[in-house]
Amino acid sequence: MKNTGNLLARALNLGLLAGAWLVVPGGERTEWWREWRAELWQGRREHECDGRVSWASERTLINFCLGAYQDALCLRRLNRRVRSAHRVRFGAAWQCITVLAVLLAASYTLMHVLPGVRAKRSLSQVATRSGLVLIKSVNNEDSLPTISSGQYRAWKNRKQEFFDGLAFYRITKENVSWQHYDSSRDRAGWGVARASSNFFTLLGFPVQFKDSASSSDADIPSLVLSERAWRREFGANPDIVGSQMMLGSLVARIVGVLPEGTLGLPGNVDAWLLESDSKAIPVGAGYVVAHLTDSGRSRMQSGSIQITSYAPYRSPDDLLGTSIQREFPSSRTVFLFAVMLALLALPAITSVSLAEYSVSLHEISWVRRVYRWSFLAAKIVLVLPIVYFGAIDVGYGFTGLDTIHAMYTQLALSVFGCLFGLSWALTDQLRRCPVCLERVAHPARVGQYSRTFLAWSGTEMMCTGGHTLLHVPALPTSWFSTQRWMFLDPSWKFLFADQVQD
Amino acid sequence: MAQGKNPDTKLSHTAAMILQALDAGFVYGFSIMEMTGLPSGTVYPAMRRLERDDLIRSQWEKQSIADAEQRPPRKYYKLTAAGRTTLESSRKRYPLLERLIPTDEERTV
């Protein structure tokens with residue numbers, strides 16, 4: 001019984017100490033556990049009499065164990081104070097890299113979250129088929145509609161040597177209306193391209209029209225909105241797809257949205273109305289788009305092909321087929337172009353030279369040199385994708401601009417972002433101690449401007465770790481053209497209480 | 001790098017008692033607690049601060065000594081020169097300090 005009580009008391013003491021041990025900061029646990037256990041052991045031995053410990057002594061031991069919690073909390077407080085003291089030491093290299101990494105993660109995450117950017121990424125996979133040409137009269141410099149619907153039908157019904165597919169469209173002005181909107185108040189109306197039903201198939205878009213809800217809907221022609229009209233009139237609402245609208249007296253069903261700039265076709269088009277050939281290829285002049293056969297492609301010269309159309313009882317027509325391939329550069333290409341522009345402009349706004357001279361003969365170890373250059377490289381490597389993702393986020397995600405304007409926005413933001421990002425990376429590097437990579441602080445003006453040419457005049461900054469002093473001349477001269485580092489020897493150490501460990 | 005405390009620095013009564021206990025030969029945490037009557041949660045943090053200020057120094061005793069006595073090794077604390085000087089000035093500030101914890105010499109007198 002006596003032994004059982006003794007064991008329970010020991011277990012209680014150890015349990016209490018173990019709890020306190022968990023509160024102690026990680027690095028100091030072993031040390032404190034050893035000390036507490038040794039003292040507890042000693043205390044128990046001193047208070048033991050015939051293998052028994054009196055209740056009063058047991059209370060002393062329990063108080064000792066409970067006191068361990070106060071020790072642990074005190075240690076934790078002290079540790080926190082030390083950590084915060086390190087934290088207020090501004091400009092540490094790891095802080096800089098952490099902030100950049102957080103910015104990178106945020107911009108990357110935004111790119112995947114913002115609907116505009118997601119839509120852009122899915123649209124970027126859309127591209128027109130190769131080998132497409134727009135057929136027009138040779139003398140038609142202004143890309144006016146010159147091909148009549150009759151000509152188109154005649155060509156379509158004949159076997160062609162250079163083409164294996166033809167599509168027709170003609171642009172008309174239509175008053176449009178739908179449930180909450182009536183554009184009859186809008187005098188200009190919409191530019192509606194009334195196209196043959198094979199139009200998008202010929203262009204190579206994998207358009208899958210939604211099945212009609214009922215057989216009565218089957219006859220309703222499909223309408224593809226331009227991105228511009230979709231944003232302008234419907235506020236980029238994706239739920240608009242499937243709804244019906246009136247084009248003059250004709251009912252049409254919206255089946256999709258065409259990304260801005262995807263087609264390099266003439267005409268200001270707000271919507272594409274697809275009608276079966278048998279039904280309604282409207283009378284009048286329009287445009288014909290054709291897909292070239294291999295034979296046709298071999299005849300292409302400088303993006304165009306000369307065609308002669310023969311018709312019975314008529315003189316031959318000389319026509320010209322010009323390529324409509326209009327490839328927009330990808331976001332990556334835009335960014336690389338921006339980087340190139342930024343690199344060209346960089347020397348104009350900042351000194352790209354990292355050449356520095358040391359006042360003393362102190363040589364930095366090669367490990368420090370590698371560390372320093374790696375830090376610069378890491379900053380640049382982080383800044384560039386931040387600018388890339390950030391420009392895409394702003395250009396496509398926040399502005400609600402159409403594809404072309406968003407692309408220009410991305411380009412402008414990328415150029416300025418890269419320019420100032422790279423400039424910051426370089427100037428920041430110039431202000432970091434070569435030994436510990438912390439930013440130098442406490443700038444002090446030394447000398448007088450009037451004595452620039454007689455004596456030294458400039459600014460001195462100090463590494464808070466006590467490694468270096470930085471001299472920056474107020475006015476670069478032939479004998480003091482760039483900043484200089486002075487490495488502090490150990491005799492300076494007493495000035496710096498909290499040394500940064502090398 | 002810890003800075004040595006100015007010998008003229010005024011210590012709290014608790015810290016002065018701990019220094020006095022160490023000077024009196026009570027070199028282990030538990031024995032300091034018992035001698036001063038201060039709780040564990042006060043003694044150890046105070047000793048840690050004194051150690052940080054270079055007034056005392058701690059050291060683990062040799063494992064062989066502990067093994068010979070069949071007990072775990074203990075950490076003992078010693079006064080540094082700065083600590084001794086500070087204690088001297090504290091005794092002037094707290095005259096009852098020596099009566100509360102007499103040193104070995106005073107005990108034998």
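Here is how names work: the chains are called A, B, and so on, in the same order as the sequence lines, proteins then strands, and each is numbered from 1.
Residues passing the side chain to side chain donor-acceptor pair (under 3.5 Å) test with B/Ser58 are B/Glu51, sequence neighbours excluded.
B/Pro45 places a side-chain heavy atom less than 4.5 Å from the side chain of A/Asp71. The shortest distance between side-chain heavy atoms of B/Arg49 and A/Cys74 falls below 4.5 Å.
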TODO: Check the pair B/Lys75, A/Glu31 against salt bridge (Lys or Arg N to Asp or Glu O under 4.0 Å), reporting the backbone distance first and the verdict last.
DONE: CA-CA 10 Å; B/Lys75 195 177 189 181; A/Glu31 177 93 356; 2.7 Å; yes
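Relative to the six-membered ring of B/Trp60, A/Arg34 meets both conditions, a distance below 6.0 Å and an angle of at most 45° to the axis.
In this structure, chain A has a heavy atom under 4.5 Å from the side chain of B/Arg48, while its backbone stays farther away.
Minimum heavy-atom separation, B/Phe30 to A/Gly43: CE2-CA, 3.5 Å.
Applying the salt bridge (charged side-chain N to carboxylate O under 4.0 Å, His left out) test to pairs two or more places apart or on separate chains, those with a residue in residues 9-26 of chain A are A/Arg10-A/Glu48.
In this structure, B/Arg57 places its CZ atom where only 12 or fewer heavy-atom neighbours from other residues, nucleotides or ligands lie under 6.0 Å away. Enclosure of atom CZ in A/Arg29 by more than 12 non-hydrogen atoms of other residues, nucleotides or ligands within 6.0 angstrom is indicated.
Here the CE atom belonging to B/Met33 is positioned 8.0 Å from the OG1 atom belonging to A/Thr60, to the nearest 0.5 angstrom. One finds the OH atom of B/Tyr44 at 11.5 Å from the CG atom of A/Leu75 (value rounded to the nearest 0.5 Å). To the nearest 0.5 Å, atom CZ of residue B/Arg71 and atom CD of residue A/Gln42 are 5.5 Å apart.
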